[in-house]
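First listed ligand is number 1; within each ligand, the first listed atom is number 1. Index from 1, following the sequence.
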Amino acid sequence: MANYNRIIQVAHAVPEKIVTNEDLAQIVDTSDEWIYSRTGIKERRIAQNERTSDLCIKVAEDLLAKSQLSPEQIDFILVATMTPDYQSPSVACQVQGAIRANGAFAFDLSAACAGFVYALSTADKLLKAKTERSYGMVIGGEVLSRTLDWQDRSTCVLFGDAAAGVLLSNQSEYGIIRDRLFADGNRAQALTSGGCLTSSPFNTSNQDTSNYLKMNGRDIFDFATRDVAKSLAEFVDTDLSDVDYFLLHQANARILDKMSKKLGVERDRFLQNMDRYGNTSAASIPLLLSEKIADHTLSLGKNQKLILSGFGGGLAYGHILLTL
Ligand code: B82
């Protein structure tokens, strides 16, 4: 039955500027040893002139070039981001205009570090509603460096900027098998960023107007290693031995250590690249996928079974099982 939606192409784009842990030690009171031992991060890319839309447009152009599709063949563009250039227009509409995908609808989706998994799941449902051959772009893109408090050594060392994405098509023999999405809004305050608190003449509240990204590391670490790990174990269940690789949100190497122990899966089946990019939120899973395809660990059409798992602010999380 050719009714699966599958990833037919991948691409990524990152800023040129590399900022190492040593570079950061010149700005805040930290060290390579402190950062690397607690997070697994060595360096990250930081935007100097690039906006989120610039990185996402590069990804979209690369997806088109590699797939040899014409822009008119694209039915929709979804961009997962928590750092759009504007609240309106969406990054997705900026991409749609730039690549002249004149027949595509386009919108952004906000689910922080779970954004790519949420968007891929949404795209899967959108494509299932199509009866003719259709194509959708799903991109995760962030310029988190502009939301960070560069005086706060507990957060500014963790994040990086990047965009990456996939082209999906329908009517395939294999592809996205199933997914499950979750949210726990009761713990929303554990990770916040970018409040909209410009005052108006009628505004009487006197709220904190800091827009910086803030997180309670301990609380979200426990969330990842207890709640997300438990739901992932339930999600994978009987497919566990069939799964070749786990592509999890690249927040912290210690989370991957704990996940592999809890699931009873060898650590090297949890792919990793946060050493070179840090935490790139919605871009982290497609960036890992695109890099691992580029270095031939993974291959499109080779029937490898993958689990994608995103988790972060919201708190939002979700898992996808697919054949590549
Ligand atoms: S931490 O709790 O401060 N820590 C644990 C090993 C260092 C002592 C920490 C650090 Br540092 C960095 C990231 C996390 C973490 O748990 N992150 C997340 C957890 C769940 C969902 C998203 C994230 C994220 O950072 O994106 C903890």
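Under 4.0 Å is where a charged nitrogen must lie from a carboxylate oxygen, and between Lys17 and Asp23 no such pair does. Here Glu291 pairs with Arg276 in a salt bridge; the nearest charged N to carboxylate O distance falls below 4.0 Å. Ion pairing between Asp257 and Arg254 holds under the 4.0 Å rule for side-chain N and carboxylate O.
Leu288 CG to Tyr277 OH: the interatomic distance, rounded to the nearest 0.5 Å, is 10.0 Å. Atom-to-atom distance recorded for Ile293:CD1 and Gln304:CD is 8.5 Å, nearest 0.5 angstrom.
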I would like to know whether Phe182 and Tyr317 meet ring pair (Phe, Tyr, Trp, His ring centres under 6.0 Å); could you show each step before the answer?
-> CA-CA 5 Å; Phe182 305 85; Tyr317 55 117; 4.8 Å; yes
List, for ligand 1, each N/O atom that has a protein N/O partner under 3.5 Å away, with both atom names and the distance.
from, atom 1, to, atom 2, distance (Å)
ligand 1, 2 (O), Gly217, O, 3.1
ligand 1, 16 (O), Phe221, N, 3.2
ligand 1, 25 (O), Asn279, ND2, 3.2
ligand 1, 26 (O), His249, NE2, 3.0
ligand 1, 26 (O), Asn279, ND2, 2.7

